[in-house]
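Reading through the structure tokens given below for one structure.
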Amino acid sequence: MGKKEIADYTQNRELSWLRFNERVLEEARDESVPLMERMKFVAIFTSNLDEFFMIRVGSLCDMAAVDDNKTDSKSGMTPSQQLEAIYSAVAPLYKERDRTYAELKRQLTPYGVCGLGFKELEQSEKKYVKKYFKEQVLPVLSPQIVDSNHPFPHLLNKEIYVVATLKKGSKVMIGVVPVPQYISDILYLPGHDVRYIRMEKVIMEYLELVFDQYQVSDKNYICVTRNADVSPDDEAFADNEDFRNIMQETLNKRRRMAVVRLETAHTLSKEMEKYFCDRFNITPECIFRTKMPMKLGFIFAIADKLPESMKRALIHEPFTPQPPAMLSEGNVMAQVKRRDVLLSFPYESMDPFLQMIREASTDPDVLTIKITIYRLAKKARLVEYLCAAAENGKEVTVLIELRARFDEQNNIEWSERMEEAGCRVIYGFEGYKVHSKICLITYRSKNTIRYITQIGTGNYNEKTAKMYTDFSLLTGDQEIGEDAAVFFKNMSIANLNGTYRHLIVSPSSLKQKVLELMDEEIAKGSGGRILMKMNSVTDIDFIHKVAEASRAGVKIDLIVRGICCILPGIPGETENLRVTSIVGRYLEHPRVFVFGNGPDAKVYIGSADMMTRNTEKRVEVACPVYDTEIKKRLLHCLKVMLSDNLKAREMAPDGTYRKKTGGERPVDAQAVFMKEAQNAKRPSDRPARREKNGLLGRVMGWLGKRR
């Protein structure tokens, strides 16, 4: 295949992502999902779209400005052509979202959950709102006029502004009122029901009180989305400058970036449209009218505010992460020394991992704790335990990624806290994000250095561990521990090209190893089997290898939550490929790679998606799974996901998704895993079954069966 030739089994990354987000909106229309949960999916769709514009559209705008002749390797489109296709594809999504939101609002009204416009308020409520506005809101507003003496203000990214045309005699100008960030997005109305009105509507209603010297017309509220794709790698690195300072400057710069989208509540007049297009240097295609709120974070607060009697009807029955099936009560380190353990979030609790770090912080035999951190919760027990370990004289090394997008400030603050406690904090590499999830505990046993290693598919974030599905492997395998020790040594001396016996690490060996393992299956022809679960697929080398495997007769299943740039079912190319996407109660997040079937199948878990940024521009770690029982468990999980016919969708050859059909009974994979976690029997003290080449028996036979 020629270098510039575009394969007919690939699709544009951005359009693939928009189809995934449309799938999220589809979940908001699923009548089997409780109403407030459906409304949350509208909020998730909106948040996803916001980030898409800030990052992906922002990046394409930069590319179009620098070199608009450069074409996308999957679609042959230039940046400008991609932008045109994106804006065209987003317009109908806005209309579908507005319809979905309006329908959900209507269905919530009988339950007393009412988001109201000013005209819908009862007379007593109008009095309450006006009094609140005069006493609590008006005194803190910062209105501005725009004329020859007053320049147009800088509008902050994703903040709402009430705007209007102002007249005073023959003079015409624009009035702008920021909705203050430090007051609530909504005003709850008195009474037992959850009745509320959004703050921008309140301000817009009483705009005449704000601009009391003017005639007010054309009232509207708007919100700009700015390019947030700021890379600190582009900054000049002074020899002695603290990297934290560079990141702080980057965050400040992000607030001033170019506008890539303008949202309005009402249709703009032609004059106002031209004014904003000129002001923000955008075209009319970048302007989207929405009949629903531009910020929906308040939906989650409303769900929490519901009375208990109403919650049962409107939200999911609460699920508490269960004690892990592979651990008994007691010392976690002692159990991991005897046998490997797999934790499955959010079905099982993250607490045992945290308990293991706490145990290590006080264990006199523990010498060092080393860990890579990408995202943390606002409140993180992990940090407290690492700090305690340092204060107890352990050597604690933390490689924290300050460039975890939108978590930069949080990570800056945590890095300072850990340094103060005596942890050794390092920041990774210029040009390469450290996205791996690996932790190494080194301890002394009878004058011998020993290791416990943890490798995960998700972040050490105690909040998202209850919302994202992920796997975490705890192993006392000494060879894996030795690899992990070499990995941390390499990270400390900025060596990206280390060699390892078991771990596969990007950017040096992960993609190369995955392609080699795929070649092994290709050599088997129709007897080959590849099964991989991840979040996104964009790496062109991987995509071509999948097509090659399909042409060789290998049965391939890719379980891909989001972007997938390879199309299944293309005659003569990807006929043996099936792509499944699952969107459900929890965010699907694990990365699991399986090559082969039967007793010789090779299974890995890790932090990397098959995206070029992960395989070539990030430090990622994947680890082989050798424990027989854990292999069986992972394969069981994948089998259940492939059997899902409620929340799973299958990708069609045109890149759209269709609901799966067939199956003897309805299967919701996430519901199955919740039930299994609740019914699991914990071990008393089972013997270790860690095997590098042991037989798995019939339990793995299903890998060779398809459809």
Side-chain angles (χ1 to χ4, degrees), residues 18-49 92-116 193-196 290-293 296-319 346-347 467-469 559 561-562 580-588 640-652 656-675 678:
L18 287 172
R19 284 170 175 151
F20 153 70
N21 208 35
E22 186 177 11
R23 168 71 188 93
V24 173
L25 192 59
E26 188 179 315
E27 200 67 13
R29 298 193 296 270
D30 186 339
E31 294 182 1
S32 70
V33 178
L35 277 172
M36 279 305 294
E37 302 292 349
R38 291 167 65 185
M39 191 63 96
K40 287 180 185 177
F41 275 108
V42 178
I44 293 167
F45 170 92
T46 301
S47 174
N48 286 349
L49 196 60
L93 292 180
Y94 263 83
K95 292 179 180 177
E96 189 59 41
R97 182 186 65 164
D98 284 350
R99 282 194 293 269
T100 303
Y101 178 81
E103 177 60 21
L104 292 176
K105 261 187 71 178
R106 186 189 66 77
Q107 292 187 42
L108 283 166
T109 299
Y111 293 94
V113 180
C114 306
L116 303 167
D193 289 343
V194 184
R195 292 167 64 84
Y196 62 92
T290 178
K291 297 178 182 179
M292 56 161 282
L296 272 177
F298 65 83
I299 292 296
F300 298 92
I302 288 174
D304 292 338
K305 188 180 175 69
L306 294 173
E308 288 302 319
S309 57
M310 208 183 291
K311 282 184 178 179
R312 285 193 291 273
L314 296 180
I315 67 173
H316 284 305
E317 182 181 348
F319 177 80
Y347 314 110
M467 299 184 290
Y468 294 6
T469 68
I559 305 174
R561 184 191 77 221
T580 300
S581 173
I582 296 176
V583 177
R585 175 171 177 173
Y586 302 114
L587 182 81
E588 287 292 333
V640 171
M641 289 178 204
L642 290 175
S643 302
D644 191 317
N645 52 18
L646 291 178
K647 297 301 180 183
R649 299 291 187 273
E650 192 168 338
M651 184 185 283
T656 59
Y657 291 97
R658 60 193 177 201
K659 198 163 186 176
K660 283 194 171 184
T661 56
E664 296 177 5
R665 56 188 175 83
V667 177
D668 176 344
Q670 295 185 355
V672 170
F673 299 143
M674 283 190 280
K675 189 172 182 180
Q678 289 171 323

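The structure displayed is predicted, hence computed values, not measured ones.
- Nearest heavy atom pair, residue M467 against residue P346, reads N-CB, 4.2 Å.
- Here CG of N48 is found 10.5 Å from CG of L18. Values are rounded to the nearest 0.5 Å.
- Closest of all the heavy-atom pairs between Y111 and A313 is CE2-CB, 4.0 Å.
- Closest approach of A28 to T100, counting heavy atoms only: CB-CG2, 3.9 Å.
- Salt bridge status for E103 with R29: absent, with no side-chain N to carboxylate O gap under 4.0 Å.
- In terms of heavy atoms, L35 sits closest to L108 at CB-CD2, 3.7 Å.
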**OP:** Please step through side-chain contact (heavy atoms from CB on, under 4.5 Å) for the pair M292 and T46, ending with a clear verdict.
**Re:** CA-CA 10 Å; M292 56 161 282; T46 301; 4.0 Å; yes

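- Distance check: L116 CG to R195 CZ gives 4.5 Å after rounding to the nearest 0.5 Å.
- By the side chain to side chain contact (heavy atoms under 4.5 Å, CB included) test, F300 is found to be paired with K40, A43, I44, residues two or more places apart in sequence or in another chain being considered.
- Going from atom CD of E31 over to atom CD of Q107 covers 6.5 Å, rounded to the nearest 0.5 Å.
- Without hydrogens or angle criteria, K105 side chain to C114 main chain gives no donor-acceptor distance under 3.5 Å.
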**OP:** Check the pair I315 / L306 against side-chain contact (heavy atoms from CB on, under 4.5 Å), numbers first and verdict last.
**Re:** CA-CA 9 Å; I315 67 173; L306 294 173; 4.3 Å; yes

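- The shortest side-chain heavy-atom distance between M310 and V113 falls under the 4.5 Å cut-off.
- Partners of R38 under the side chain to side chain donor-acceptor pair (under 3.5 Å) rule, at least two apart in sequence or in another chain, do not exist in this structure.
- S581 is linked by a side chain to side chain donor-acceptor pair (under 3.5 Å) to nothing, counting only residues two or more places apart in sequence or in another chain.
- With salt bridges taken as basic N to acidic carboxylate O contacts below 4.0 Å, one links R99 and E96.
- A donor-acceptor contact under 3.5 angstrom links the side chains of D98 and T290, judged on distance only.
- With a 4.5 Å cut-off on side-chain heavy atoms, R585 and F319 count as touching.
- Under the 3.5 Å distance criterion, the side-chain polar atoms of D644 are left unmatched by any main-chain donor or acceptor of D668.
- More than 12 heavy atoms of other shown residues, nucleotides or ligands fall within 6.0 angstrom of atom OH in Y94.
- Legend: residues meeting side chain to side chain donor-acceptor pair (under 3.5 Å) with T656, ordered by chain and number and at least two apart, are D654.
- Side-chain N or O atoms of N21 include one that pairs as donor or acceptor with a backbone N or O of F45 at under 3.5 Å.
- Side-chain contact check for V33 versus E27: some heavy-atom pair is nearer than 4.5 Å.
- F673 is listed as a side-chain neighbour of V640, based on a closest heavy-atom distance under 4.5 Å.
- Atom OH of residue Y196 and atom CD1 of residue I302 lie 4.0 Å apart, to the nearest 0.5 angstrom.
- One distance of note links NZ of K660 with CZ of R649; it measures 10.5 Å at 0.5 Å rounding.
- For P293, the side chain to side chain contact (heavy atoms under 4.5 Å, CB included) test picks out Y101, R198, L296, F298, with sequence neighbours left out.
- Side-chain contact between L25 and R97 is present, with heavy atoms from C-beta onward closer than 4.5 Å.
- Taking all atoms of both residues into account, the shortest heavy-atom contact from M36 to I299 is CE-O, 3.7 Å.
- Under the side chain to side chain donor-acceptor pair (under 3.5 Å) criterion, D30 pairs with S32, K647, not counting sequence neighbours.
- Between L646 and P666, the closest side-chain pair of non-hydrogen atoms falls below 4.5 Å.
- A side-chain N or O of E588 and one of T469 form a donor-acceptor pair less than 3.5 Å apart.
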Original post:
Yes or no on side-chain contact (heavy atoms from CB on, under 4.5 Å) for L93 and E22, after CA distance, side-chain angles and deciding distance?
Top reply: CA-CA 7 Å; L93 292 180; E22 186 177 11; 3.9 Å; yes

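- The CD1 atom of I582 lies 12.0 Å from the CG atom of L587; values are rounded to the nearest 0.5 Å.
- Geometrically, R23 does not engage F20 in a cation-pi contact defined by less than 6.0 Å to the ring centre and at most 45° from the axis.
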**OP:** Test Y586 against M674 for side-chain contact (heavy atoms from CB on, under 4.5 Å), laying out the working first.
**Re:** CA-CA 11 Å; Y586 302 114; M674 283 190 280; 3.6 Å; yes

